[in-house]
Amino acid sequence: MLDKTYDAQAVEARIYDAWEQSGAFECGRSDGRPYTIVIPPPNVTGSLHIGHALNNTLQDILCRFERMRGRDVLWQPGMDHAGIATQMVVERQLAEQGIKRRDIGRDDFVRRVWEWKAQSGGRITTQLRRLGASCDWRRERFTMDDGLSRAVLKVFVRLHKEGLIYRDKRLVNWDPKLRTAISDLEVENREVDGQLWYFRYPLADDPSRHVVVATTRPETMLGDTAVAVHPEDERYRDIVGRDVLLPLADRRIPVVADEHSDPEKGSGAVKITPAHDFNDFEVGRRHDLPMINILDADANLNDAVPEPYRGLERYEARKRVVADMEALGLLEKVETQRHAVPYGDRGGVPIEPWLTDQWYVDAATLARPAIDAVERGAISFVPRTWEKTYFEWMRNIEPWCISRQLWWGHQIPAWYGPDGTVFVEEDEAQAQEAAQAHYGRDVELVRDEDVLDTWFSSALWPFSTLGWPDRTPELARYYKTDVLVTGFDIIFFWVARMVMMGIHLMEEVPFHTVYVHALVRDEKGQKMSKSKGNVMDPLDLVESYGADAVRFTLTAMAAQGRDIKLSEQRIEGYRNFGTKLWNAARFAEMNGCLPVAGWQPAAATTTLNRWIVDRLAAVAADVTEALEAYRFNDAALATYQFTWGTFCDWYLELAKPVLNGEDGPEKAETQACCAWALGQILHLLQPLMPFVAEELWARLYRPILQEEGWLMHRAWPDAAALPRAPQAAAELDWVIALIGEVRALRAEMNVPAAARIDMIVNGADAQRQDWLTRHDEAIRRLARLEQVTTDGPVPSGAAQLVLGEVTVVLPLANVIDLEQEKRRLGKQLDKLGGDIAKIEGKLGNASFLSRAPEHVVEEQREQREQAQATVARLRQALARLG
RNA sequence: GGGCGAUUAGCUCAGUUGGUAGAGCGUUCCGUUCACAUCGGAGAGGUCACUGGUUCGAGUCCAGUAUCGCCCACCA
């Protein structure tokens with residue numbers, strides 16, 4: 001016998017272990033078409049946050065759904081080595097012991113990162129298990145493991161030989177805290193209150209005149225190599241081509257005319273620092289200006305600046321420059337201004353545009369077929385609106401800077417000869433060979449120190465995890481994958497790059513569908529992130545309410561294209577739903593509603609049983625359709641409402657008289673049907689609330705059916721194969737409406753809940769009389785009635801209600817307030833009168849009649865008739881009150 | 001500055017092809033009926049942000065306005 005309440009904590013861990021140990025999640029069944037999802041690999045440093053919980057719940061739902069539909073499901077798990085994040089974690093740990101990365105050297109450091117990974121990395125995979133994720137853990141991969149590293153090298157070498165990877169010296173986003181380049185995507189612009197300084201630059205040949213330039217970054221003036229004005233700016237026309245004397249540095253720099261200069265901004269003249277500003281870099285190229293790099297890797301001023309400034313930290317230098325300019329009388333004014341400052345998203349300090357040699361991917365070339373794939377529908381986004389975002393970014397894509405000055409990551413397979421010639425090969429031996437061929441002798445080669453952007457290896461994830469570059473059977477079977485489930489925040493970082501790499505290297509898109517789910521935000525609508533410290537811990541919620549409840553909540557809230565704000569109350573509600581289901585099962589168990597092997601729903605004969613089969617067919621169809629369309633919230637809502645609102649509230653209640661009654665064929669059928677229906681509910685719920693569904697199946701079904709195996713491997717309900725029963729549905733709808741009306745009337749009349757009263761039903765036709773007889777006991781029980789009769793006289797002081805063609809009379813002689821009852825009926829008449837007037841307005845409208853579709857017009861006519869009939873009966877009822 | 005999205009019940013949110021608004025929670029009233037008080041029954045509560053348009057008919061389509069949010073660009 002089941003306990004009174006369901007103990008999720010006790011059950012969930014046990015079931016998960018049993019699933020995993022029995023190989024329940026493993027791919028490879030040969031009798032089904034493959035269905036593949038690759039997990040967005042969480043960072044090895046990561047722990048499960050609410051966004052992961054949502055992301056993986058949705059993937060798990062799809063996998064479990066398709067598994068039950070007979071597909072050979074591979075949910076490919078794994079983790080990302082998360083270059084910067086992981087290096088930071090280990091560096092921080094070392095710092096606690098007073099050790100600096102550079103003190104111990106690269107090899108030792110990398111060894112310690114691996115040690116860290118072995119000890120404390122990958123906690124998230126345990127947490128995903130706690131959530132119920134049905135990944136094939138045998139196949140877990142790590143972006144730094146041997147196979148994937150080999151794939152990375154292979155791709156790098158190939159793209160290099162194809163000219164799609166190249167080395168270039170240009171401005172990059174430099175994170176001076178982490179001392180590495182980062183990509184455009186890793187830069188986060190923050191609005192800050194800053195100041196705008198107006199400096200006077202004297203003309204070289206006429207120091208009495210000066211040009212005023214405005215800047216938010218005074219320290220960079222030491223690297224200025226020009227002043228630009230707009231070619232059509234009259235104010236400055238006469239000084240174009242002349243020189244100004246750059247103060248503090250005492251250098252002559254030219255005034256150039258360039259469209260970049262905006263006469264509306266600042267003074268209209270702008271200082272040009274080609275080595276430290278992306279726009280100025282372009283201006284510098286156009287005018288062939290020198291580029292003076294004034295910063296070192298820590299963003300301190302270097303030896304290119306005059307002596308007093310050398311070695312100063314960049315913000316110290318700013319103060320000094322401003323003070324010195326002011327002392328020289330060259331500071332015209334200072335304004336405060338709010339402006340954006342680019343920060344590194346990991347390091348958290350302002351980045352510097354810095355001139356360095358880096359490796360780049362020619363993203364524009366790779367993007368073309370990737371754009372095409374979405375345009376021609378080989379890949380579609382759900383919801384579709386994200387395709388715009390994708391196109392927008394892809395069509396304006398910039399070269400992707402992939403080198404990072406870190407130690408943790410895939411070291412770039414490039415070796416330099418003595419004269420700087422670069423040899424890109426998969427290993428040193430091949431590089432040597434290439435060098436030999438080039439130089440005609442053995443030379444000393446030095447390997448590039450840099451590692452690759454983490455996202456470079458993630459871009460290969462859909463095929464590298466399947467064994468590429470080897471032609472493995474798994475690669476042949478499971479690529480391309482089916483659906484990629486992700487948040488929109490990594491469409492650029494990851495999705496776009498997987499598409500580019502997949503098409504280029506596999507000659508096939510990596511997936512046909514990208515499902516973009518909402519982002520879970522905090523109460524302020526901010527994106528949750530570790531750096532902001534506003535993360536929620538879903539594991540606490542799992543501890544309190546169970547994984548099923550957390551999963552179901554996220555699913556119910558996963559409407560397309562919306563942000564999710566999670567509320568704990570909601571989770572509590574769905575925890576209660578689990579309890580409700582549990583108790584319904586307990587009721588079934590107590591009433592002998594045990595599964596009957598081979599029982600077919602077509603065998604149902606009573607209206608009640610035929611009705612629940614009919615309803616089940618409808619909900620199974622709804623849930624299936626919703627999941628096929630990725631409308632997860634609809635799937636959750638439909639199962640919830642059916643289970644609670646239809647099965648528990650009505651089917652079980654209406655079945656009680658039968659189940660409490662004499663043994664016989666009707667009872668036996670109802671017991672079997674009830675068990676069957678509950679079993680179907682468990683099937684429908686399995687993807688959403690897998691633990692409680694599996695537990696109930698194991699406790700109540702498996703032993704009796706004597707079938708081995710898990711619920712999660714059973715066949716998904718086939719809605720189309722279930723018999724429908726519209727007549728039974730009409731009958732039960734009426735009975736339910738009748739009970740509802742009586743209950744409402746009782747409440748309104750303040751009839752004590754325990755009081756059993758009589759009911760007279762007038763005007764019922766033979767069919768309805770039949771229905772009343774058939775469900776007599778249930779109606780009396782649920783509406784708390786003593787006796788139900790038909791076609792009786794209306795006693796004085798009776799409450800009356802009209803339900804379609806029948807008038808229901810509740811004799812309440814001593815309870816009822818005659819005037820109140822008159823008012824009540826009058827109010828109903830008023831409302832109906834209003835409805836009728838509205839309908840007649842429509843039906844009296846010639847263009848409505850001629851233009852609205854026939855069925856809409858007909859519907860209106862029927863509604864009018866019904867309302868009019870009800871009005872007539874209400875009037876009679878009113879008349880009877882005297 | 002460019003783009004996207006949101007605005008529906010006290011709160012959090014659904015509402016797929018246009019046909020007189022729904023859920024959960026909260027709230028009010030009633031309830032110790034033998035599955036469940038993590039429950040049962042009943043109710044109150046919305047001029048669907050605003051303005052205009054298309055249409056027989058608009059929460060739903062179009063345009064504009066307001067407010068909020070996000071993404072991209074912008075260190076004069």
Side-chain angles (χ1 to χ4, degrees), chain A residues 2 4-6 184 189 192 194 196-198 212-217 220 261-262 264-271 276-279 337 339-342 350 353 385-386 388-389 392-393 396 488-489 491-492 519 521 524-527 545 553 556-557 559-567 569-570 572-591 625-626 629 631 633-634 637 640-641 648-649 652-653 656 660 740 743-748 750-754 781-782 784 835 838-839 842 845-853 855-857 859-860 863:
Chain A
L2 298 175
K4 200 165 166 183
T5 51
Y6 168 62
D184 299 341
N189 287 303
V192 297
L196 188 59
W197 287 271
Y198 287 76
V212 175
V213 294
T215 181
T216 56
R217 304 208 48 199
T220 63
S261 181
D262 181 350
E264 303 294 316
K265 282 189 183 171
S267 63
V270 59
K271 59 194 273 312
H276 296 289
D277 180 285
F278 290 100
N279 287 316
Q337 181 180 293
H339 60 97
V341 176
T385 168
W386 290 108
K388 278 189 212 161
T389 307
E392 178 63 21
W393 189 69
N396 298 295
F488 60 81
D489 53 330
I491 289 178
F492 303 148
L519 224 54
R521 296 177 184 278
K524 290 177 220 148
Q526 297 251 301
K527 180 179 162 183
Y545 302 101
T553 307
M557 298 180 82
Q560 291 178 2
R562 272 271 234 180
D563 295 340
I564 293 180
K565 285 187 223 164
L566 200 60
S567 97
Q569 272 188 335
R570 193 92 186 242
E572 197 180 323
Y574 290 124
R575 187 270 320 266
N576 296 352
F577 174 56
T579 307
K580 184 74 182 178
L581 173 72
W582 184 262
N583 275 290
R586 186 162 173 265
F587 171 84
E589 185 186 31
M590 291 168 73
N591 285 278
E625 198 185 329
R631 291 200 310 265
N633 56 321
D634 286 348
L637 194 71
Y640 180 94
Q641 286 182 337
C648 291
D649 287 351
L652 292 185
E653 293 301 334
K656 276 177 182 176
N660 291 337
R743 280 170 168 175
L745 185 55
R746 289 178 58 118
E748 195 171 353
N750 292 314
V751 177
R781 177 195 172 88
L782 296 177
R784 307 290 301 155
D835 289 351
K838 230 173 178 175
I839 295 171
K842 276 192 193 177
N845 183 339
S847 48
F848 173 73
L849 293 178
S850 61
R851 297 190 190 228
H855 76 273
V856 173
V857 177
E859 214 172 86
Q860 292 294 316
Q863 277 180 17

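Below, chains carry the letters A, B, ... as their sequence lines are ordered, and counting in each starts from 1.
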I'd like to know if [X] reaches the base of [N] with its side chain such that a donor and an acceptor end up less than 3.5 angstrom apart.
X        : N     : value
A:Arg781 : B:U33 : no
A:Glu653 : B:A35 : yes
A:Lys388 : B:C4  : no

Inset, instruction - In plain terms, say whether A:Glu589 and A:Arg586 are close enough for a salt bridge, that is, a side-chain N and a carboxylate O under 4.0 Å apart. - result: no
Would you measure the distance from the [atom1] atom in [N] across to the matching atom in [M] and give it in whole Å?
N     : M     : atom1 : value
B:C11 : B:U38 : P     : 27 Å
B:G59 : B:U47 : P     : 13 Å
B:G15 : B:G19 : P     : 14 Å
B:A44 : B:A9  : C1'   : 10 Å
B:A35 : B:A21 : C1'   : 34 Å
B:C56 : B:G18 : P     : 15 Å
B:G22 : B:U67 : P     : 33 Å
B:G41 : B:U33 : C1'   : 12 Å

Inset, instruction - Nearest whole angstrom, please: distance from the P of B:U54 to the CZ of A:Arg851. - result: 13 Å
Legend entry - Distance in angstrom units between A:Gln860 CD and B:G18 P, rounded: 17 Å
Could you check whether [X] gets within reach of a base, just the sugar-phosphate, or nothing at all, counting any heavy atom under 4.0 Å?
X        : value
A:Val213 : nothing
A:Arg586 : sugar-phosphate
A:Asn189 : base
A:Lys4   : sugar-phosphate
A:Thr220 : nothing
A:Asp262 : base
A:Arg746 : nothing
A:Ala744 : sugar-phosphate
A:Glu589 : nothing

Inset, instruction - Hey, can you tell me if A:Tyr640 and A:Tyr574 have their rings parallel, tilted or perpendicular (30° and 60° cut-offs)? - result: perpendicular
Whom does [N] pair with, Watson-Crick or G-U wobble, provided both distances fall under 3.5 Å?
N     : answer
B:U67 : B:A6
B:G22 : B:C13
B:A58 : none
B:C39 : B:G31
B:G1  : B:C72

Inset, instruction - Drop me the distance from A:Thr553's OG1 to A:Gln569's CD, to the nearest 0.5 angstrom. - result: 12.0 Å
Legend entry - Approximate separation, where rounding is to 0.5 Å, of A:Leu745 CG and A:Arg743 CZ: 13.5 Å
Legend entry - Closest-nucleotide ordering on RNA chain B, the 5'-leading residue of A:Met590 and A:Arg743: A:Met590
Legend entry - Over 12 non-hydrogen atoms of neighbours within 6.0 angstrom of NZ in A:Lys838: no
